[in-house]
Each structure stands twice: as structure tokens, then as C-alpha cells.
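Data block below; observations after.
Just so we're on the same page: letters track the sequence lines, and every chain starts at 1. What you see below is based on every heavy atom in this structure, not just the backbone, and it leaves out hydrogens, waters and symmetry mates.
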Amino acid sequence: MSLDTSLRALDVRFAGWAPGWPGTAAPLVEQALALAESRPTAALPARLCATLPSSVARRAQLVLGFAPHTVFIDGDVDGLAALLAERCSVHVVNDEGPAALDAWLHQACAGAKHAALFEAPAANSVDLTVLEAPASDSLPSRLARAIGVTKPEGLLVLRIHAPDDTHAHHLIAHAGLEVVRYLREIDHRWLQHPFALDGAGDLLVLRRTAKTRMDASFAPPLSTQQHQAWDLDGLGPAASGPQALDELAQRVQRARGVEPLLRQLLVESDRHTLTYVEPTGATVILELRPGQRHVLAVFLPHDRSLEVAVLNELVSAFAGPHTRARPQRTGRIGPRTVFG
Amino acid sequence: MNKPSPKSSPRLAALDRLTLPPDYTLGTRTPELPNAPLYHLADGLVVAIGQQTSRIMDLEHDDDLRIDFRFIEPLERIVLGWSMPGLESLIEPLLACDFIRPGPATPDPVIRQQLASLDAMFLESYRDSLSPRALVAYERLLDAHARRKRFFESVGQCPVLPETALRRALLVGDANDVGVRDVLCLGDDDLVSIALAALGHRVTVYDIDEFLLSFLREASRELSLPLEIAECDLRDPLRKTQRDRFDVILTDPMSNRDCFELFFSRALALLRPNGRLWTAAHPPTAGLLAEVADELGLPVERWLARHNRYYSHYIKLHWYESDWVELAKTEASRAKHPADDFCVPLNLYREDFFQRLPLYVGHIEKLENARMTRTFHLDMLFEAVELVTATPLGARAYFDAGPWTIARASLPDGFVALRADRTTNELTLIMSPFVPALEDALRSFALSLYKADAVDAAVLTTSATWEVRVR
């Protein structure tokens, strides 16, 4: 199956819940789909996942709905800049690299009606900023930069995936940002398989007000150590025994290009557990239950790049036709929790 | 009423002191008394009836009260806004403690507001695309959900959000666009029938819950929406008059093979040729649903991942969610259970997937003795826990890398791991599954060793995780 066909199927399946979608956004979805197909695999930063075409189109539609003249995109693996540059001028910065990402984006934006500049904008110069922090500990600096370049009363579109919501909640409150809109679970990530992950990210639209202040060194009143747990159900027959888990560890190691400090496999009658520790301290514990066709993956401390690599390898090695990957979910809207 | 006391909710505390009249008899299902004064359950109160215990929740005080099962029937009458024969002596005290209020039942503004705010998280994404008639249907759904105030957990009731009910109805379509359809809600805890009727369809509801049937009759009358409502236990044979009647059936069974086979078999008998069945499936059981649909010759027309969002009786999002799948009745479709057969015994109230117990994650920050977090010390911690709890912590493994030390051991059904980080001065405890006695011992020993002067602790729980942070 071609990437186009696979992505279309995933897009309908995961984004098809909203009535009337895509409606007038259909051209944006098609453009996002074409961009996804044209992006070289090497252009994806290790820490980030691409999002489904409908998610990119939704983001574009949301931004364009505010009719901005200038937009800053802090991190763009989806080609959002190319969608927006037809209607407004765009600044893009990809701190995570790689160079191939900017090269691809340059090409994608070529010929657009408005300018696409690959540099950070001047202070207080843009109407709206779109950002996703690749890790909890970089969120304060990213948010500080976003606030700094956005005009007073301008808007920030913050993309959040668990487990960053706890930090983000403190940051938003601390920075004095006004929450304008909250769109839950519309940012659907997909892995290279291609395989869409359950538990999509949220979009928060925030306003920079006269009270907004942000210090990049601000540390939320929590430990910086976050964790994330994933449940993969309905695994295929390859997820059969300790050998499979050992091979998975080797695949992760190859993908990461770093020798782990610890790679320990424990074999028990009904389950096998892999503990994998990288030199940075990033750790994942995988508990495979072949009889239940289930694997639990616990990342502690959470490291987005290890998480993406492990999920990619898990899905490539173990997924069957009905495998689903469920993360621990973002559980907050501002100061209150949503589950109960 | 039963304990616990004291309550933060004054009205629950007052209710706790009341008893039923000694001559009150249960199970009479007394009909309405004409011209009797009507009362309704006060705003912010919800009744949840469970298998073992039943409770009244006061949403405004975040409090609940366990209730005697003998109160269930009178409470259901109050929720329905019916008269209270045999309970006249309780009216004054119930009014005095603001448990009931005079007048017929109306949508509860507290619940309505909470549901609207939950709905908004999803509705914001598509509200602009809704037709005026769809918006009216949504308002009616919101009113109906805010008026119900009673949940029957014993039969797996956990309703979808009103906005989800609307989306389900919109997939059938507006009768002005697709023509009037004969639609059956096979079980309607979700009140989708309200939206379907508001969109112009001929709607029938089959359910086994007497309260829900009464509630839908009241709602149908109040909202002037024609609904055909009938009690129906799907395990019983279907009557001839019920068969081949419907163009579309919507159902949300529990995700297990028995349920799928029973509900799909009955749907096949109830549907007209080429009819459509929309069904829910919890994502981990997607493979099972596909398997059963294939066995019964029901091709999948559409599969919408995580379409259905549910809420709990606390009027918060429920962790449960489900896919929404359209199946087609074809000439090749074959029921597992013939329409004339009784289908017993079946084990309907369960979910067929590996439901792991919650994971426990504990963080102890700003350790007072970080240097005592080496392999030797963490092993001692394991030893102490094993001794006190008599739980074997086997297959231990340790890793010491300068800035941090990791210790891991097997539990009878999982694992426990400790991770000491001497750069951040933090100790993290991970346990899967969460075993309270073990966690208690582990945390107590860890605190006595590393955190004698803890200033506060924060607990964050979900269905999948217990997280505790000690500072």
C-alpha cells in the first residue's frame, strides 16, 4: 500500500469523528497529505512525530481563522508553513534540526504567495505563534521565546501531548497567559510504519495580555522528572517471547546509535521484562505479556526521543492489523483535571 | 442512610440522619398519584446505583454518601419528578435539608453546565459546521442528560457525552437530507434517541432498565419527540413483529465476544435487508470486533477510531472510550444466535482485553541522604520491604552508573523498580501493578531513610496510574 493510501485511511479513521470535516478544509488536507508524502524520512527529528494530514489542516485552519499577517512556527515537521504561506508571511525555526527538514520546508514553501523566512522573528513582531515543546524541560524557554516575539494581545497556539500538560499548566498560570480556546485531542501523531497513535494531543489557544511575563529559567514547582506509560494491545504473532524482546532491544539500539548502559532482559513464565537505560539516564521498562498480546512501556524519566524510537520499533516489530497504542492521557484543562 | 460521616456537604450530612418510614414497602412501583404535589432532586445531586453499593453524589461539595438499597426506588421516583406515595413524612425534612425542591423535574443547571464544558472540548472543533436543526438537537440532548441524574452501574451504564450522542445521530443523518429512517437504539443509556428524533427519524428504543424507559417516556413527552419505547431483554427470543423492521440500529455493548455475538445476532434479525448496524468497541478489542463481524458476515463499512467519549457519574470525562463501527447486513450475514432462541447463560458484563492494574509512580524529591542510594542501600530497602510484606522480590538486578542507581525486582505479577538520581536528588519508585500494601511499606521505608522532613505530598490518580510526589 502506498504512503498516500495508508495515510488517507488513517486520516479518515482517526480524524473522521468530527461532523462536517474536512468540508472547506479539504484542499488543506490534500496539501498536507502531499507534503507528508514528499518529506524524506531523514527530515524528521528524532524527538518528534509527524501528525496526520487532518491534524495539520486543522492547525492551519485554526491559525488562518484569526487572520494573522505574520506567524511564527517554532518547530514544523509537518509543513504547516507551506499551508500558511499562501495567506500570510511565516517565520520558521526548527531547533531540533535536522538540516534536511529545513531543506524540505524551503522547497515546500517555494512559490508561496507570502514570504517564508527561516529565522526567528524580531521581538513583538508576529500576530500569532505556533509551538510544540519537544520536552517538558524545554517548555519554559520555548514559551518565553514565543511570548517575546508575539505582539501584545497576540496569540499563541500551544500543542501539548502527555505528559507535558502538568508542566504546561503551571507555566501558563505563571506566565499570565489567557486561555482563549481549548481543543482536545485533535493532534494525531503517526509513526513511520505508518501507524497512528491513540491519545492525540491538545491545542491551546493562549493570548498574550498586559499581565503576561515569562522567564525562560522559570522552573515549575515540580520535579523536572516526568514519566509516560503506553499500553500496546492486540499485538501480532511476532510478539511471542523473550527472543522477540531481545531483538527489539537491538533494533532500538541501532536506531538510537548509542550503546545503552543497561540492557537487561528478565524471562518469566507469563511475561518478559526489558530494562533499557541510555547514557543520559533515559530509561524504558518494557513488560511483554505474549499470552495477552500486550506490552506495557514505561518511560521514566520521560525522554521524548527515546519514546519515539521505542514506539517506532515496537510497532514495526510487533504490530498486527488491529494493534492499538494508548498513552497515558493529558488529564488537565488549565488548573482542573478532566477525568473523574 | 449509611455512613461515612462527617460530610462536607450539609445536605448529605442531614440526609445521613434520616430513616425510611417503618411502614414503607418496597417494590410496589407505585403509579403516579393524580394531583399530588411534585418534587425533584435538588441541583447538583446525582444517584449512582452499583453492584455492591449505591451512592448519592453532591457535585457542588465533591462529596458522596452511601445509601441503603431500600432508598433506591424512592430516589428514582424523585429523580423522575414523580409523586412520593408512602414517603409523605420525609418531604418536610428533605425540603429542609435542600435534598428535594418543589416542582416537576427539570434539567439540572449544575450538571448541564459541567456537561457543556466537557462537550466544549470536542464541540469547539466542529460547532461551526452544525446546521440549526443539529444545534437544536444538541440542546435537547444536553437538557435530557442534565435531567437524568441517575446511573445504573450494575448493567454497565456509562453514558457518552451529549456531543458524542449528537455525532452518532449525525452519522445516521438529518431526515431532511437522507429521508426518514426507522432507527432502533438497542440500549439507550446514551439518549441518542433524543437526537435522532430531533433530526426527524422514526425512533424506537429497546432497553432493560425500567428507570431509563420511564425517563425516556417522560423526556419524549416533555420534548414532544415521538419515541417508541419498549422493555426488551436481548437474551429472550424476538417477536415476529420485531423482525426486519429497521433501517439502522445503534448499539454500545460491552466489548466482549458474548455481547458482540448476541447484539449482532439480534441486530441481524431486527434489520431490514441491507440495513446498517453502528456499534461501539473499546480500542483494545478492535481485533475481536473485526473477528466476530467477519464470522457473522457483517462487512465493515466505516471504522471511526475513538469516536465515542464517555462521562462518569461525577460528571467528568471517563477514561473509557470507544471506536464507532458501521457494519452492513448483507445476504451473506448469518446470526450466531437464532432469533427464536433464548440466549442463556451468557457472561455479558465484562471487557475482553488485558486490563492491567494501575501503575504506581512515586517521586521523593530533595533527598536528605542522597549518598545512601547506592546498590547496597537500595538492596537493603528491598530486603526490608520483602520482610515486612512477605512478598517475594525476586530476580533482582542493580545498575550503578555514578549519577544514578537503578534497582529492579520481580513481583508475583509484575515488577518494582527504584531509580535514584543523585544529580537531581530524587528517588523514583515504580511498581506495576500497584499493590497498596507493598507501596505502603516501600514508601514508608524510603521516607524514613531519605525524607524525614517532607513538607507536602501531591497525589494524581487516573485509571491507569497512581502518581505520588513528596517534596
Side-chain angles (χ1 to χ4, degrees), chain A residues 12-14 16-21 23 58 166 181-186 196 198-200 202 221-225 227 229 231 233-234 261-262 264 266 268 270-271 273 275 277 279 281 283 285 287 289 292-294 296 298 300-301 320-324 326 328-329 331 333 337-340, chain B residues 118 120-122 124-126 128-130 134 166-167 170-171 283-288 290 302-307 312 314-319 324 353-354 356 359 361 363 365 395 397 399 401 403-404 406 408 410 414-415 417 419 421 423-424 426 428 430 432 460 462-465 467 469:
Chain A
V12 169
R13 199 164 174 137
F14 282 83
W17 62 273
W21 182 258
R58 277 188 180 287
T166 311
R181 284 181 80 180
Y182 176 88
L183 303 174
R184 187 167 177 82
E185 298 197 9
I186 61 171
D198 282 321
D202 302 345
L222 286 170
S223 156
T224 52
Q225 197 166 95
H227 74 276
D231 287 278
D233 300 280
L261 287 182
L262 175 67
Q264 186 218 33
L266 181 68
E268 288 169 281
D270 60 339
R271 63 188 188 275
T273 313
T275 306
V277 184
T283 302
I285 299 175
E287 187 182 64
R289 293 176 186 260
Q292 308 287 352
R293 300 165 68 194
H294 176 271
L296 166 68
V298 183
L300 196 152
H322 296 289
T323 298
R324 300 292 282 267
R326 297 176 291 141
Q328 186 175 299
R329 306 266 301 284
I333 316 176
T337 57
V338 294
F339 291 109
Chain B
L118 293 178
M121 292 191 292
F122 304 100
E124 280 286 296
S125 296
Y126 64 88
D128 293 347
S129 73
L130 296 179
L166 175 69
R167 285 190 284 111
L170 288 172
L171 284 166
T285 63
L288 176 65
R302 263 186 286 186
W303 194 307
L304 302 174
R306 298 171 66 246
H307 178 277
S312 70
Y314 297 101
I315 320 296
K316 284 195 161 193
L317 273 190
H318 198 284
W319 62 269
W324 194 232
F353 69 99
F354 175 64
R356 69 169 173 83
L359 177 76
V361 182
H363 309 269
E365 300 173 9
F399 181 72
W404 14 266
I406 295 171
R408 185 211 167 281
S410 284
F415 64 87
R419 185 180 188 284
D421 190 329
T423 56
T424 59
E426 185 174 13
T428 307
I430 314 166
S432 175
L460 189 67
T462 68
S463 63
T465 314
E467 185 174 2
R469 286 181 182 273

Next item on the list: Could you check His227(A) against Thr428(B) for side chain to side chain contact (heavy atoms under 4.5 Å, CB included), going step by step and ending with a plain yes or no?
Entry: CA-CA 10 Å; His227(A) 74 276; Thr428(B) 307; over 6 Å; no
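- In this structure, CD1 in Ile285(A) is found 7.5 Å from CD1 in Ile406(B), a value given to the nearest 0.5 Å.
- Under the 3.5 Å distance criterion, the side-chain polar atoms of Arg419(B) are matched with a main-chain donor or acceptor of Gly281(A).
- Ranked by heavy-atom pairs under 4.5 Å with chain B, the list Thr273(A), Asp270(A), Val12(A) is led by Thr273(A).
- For the pair Arg356(B) and Glu287(A), the salt-bridge criterion is not met [side-chain N within less than 4.0 Å of a carboxylate O].
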Next item on the list: Kindly determine whether Trp404(B) and Leu261(A) satisfy side chain to side chain contact (heavy atoms under 4.5 Å, CB included), including the steps that lead there.
Entry: CA-CA 11 Å; Trp404(B) 14 266; Leu261(A) 287 182; 3.5 Å; yes
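- The two residues Ala286(B) and Arg324(A) have their closest heavy-atom pair at CB-NH1, 4.1 Å.
- The distance from the CZ atom of Arg167(B) to the CH2 atom of Trp17(A) is 5.5 Å, given to the nearest 0.5 Å.
- Between chain A and the residues Ser410(B), Ala290(B), Ala397(B), Ala417(B), the largest count of heavy-atom pairs under 4.5 Å involves Ser410(B).
- Within the 4.5 angstrom heavy-atom criterion, atoms from both the backbone and the side chain of Leu304(B) approach chain A.
- Counting heavy-atom pairs closer than 4.5 Å to chain A, the top-ranked of the candidates Gly414(B), Gly287(B), Ala395(B) is Gly414(B).
- For the set Pro284(B), Ser129(B), Ser432(B), the count of heavy-atom pairs under 4.5 angstrom toward chain A peaks at Pro284(B).
- In terms of heavy-atom pairs under 4.5 Å with chain B, the best-connected choice from His322(A), Arg13(A), Gln292(A) is Arg13(A).
- With a 4.5 Å cut-off on non-hydrogen atoms, Phe399(B) touches chain A through its side chain but not through its backbone.
- Heavy atoms closer than 4.5 Å to chain B are found in both the backbone and the side chain of Leu183(A).
- Taking Ala18(A), Pro19(A), Gly16(A), Pro321(A) one by one and counting their heavy-atom pairs under 4.5 Å with chain B, the maximum is reached by Pro19(A).
- In this structure, CG in Leu317(B) is found 5.5 Å from CZ in Arg184(A), a value given to the nearest 0.5 Å.
- Note on Ala196(A), Gly199(A), Gly320(A), Gly23(A): by heavy-atom pairs under 4.5 Å with chain B, the leading option is Gly199(A).
- Once rounded to the nearest 0.5 Å, the distance linking CZ of Arg58(A) with OH of Tyr126(B) reads 10.5 Å.
- Note that the OG1 atom of Thr283(A) and the CD1 atom of Ile430(B) stand 7.5 Å from one another [nearest 0.5 Å].
- Only the backbone of Pro279(A) comes within contact range of chain B, with at least one heavy atom under 4.5 Å from a heavy atom of that chain.
- In this structure, the separation between CH2 on Trp303(B) and CZ on Phe14(A) is 10.5 Å, given to the nearest 0.5 Å.
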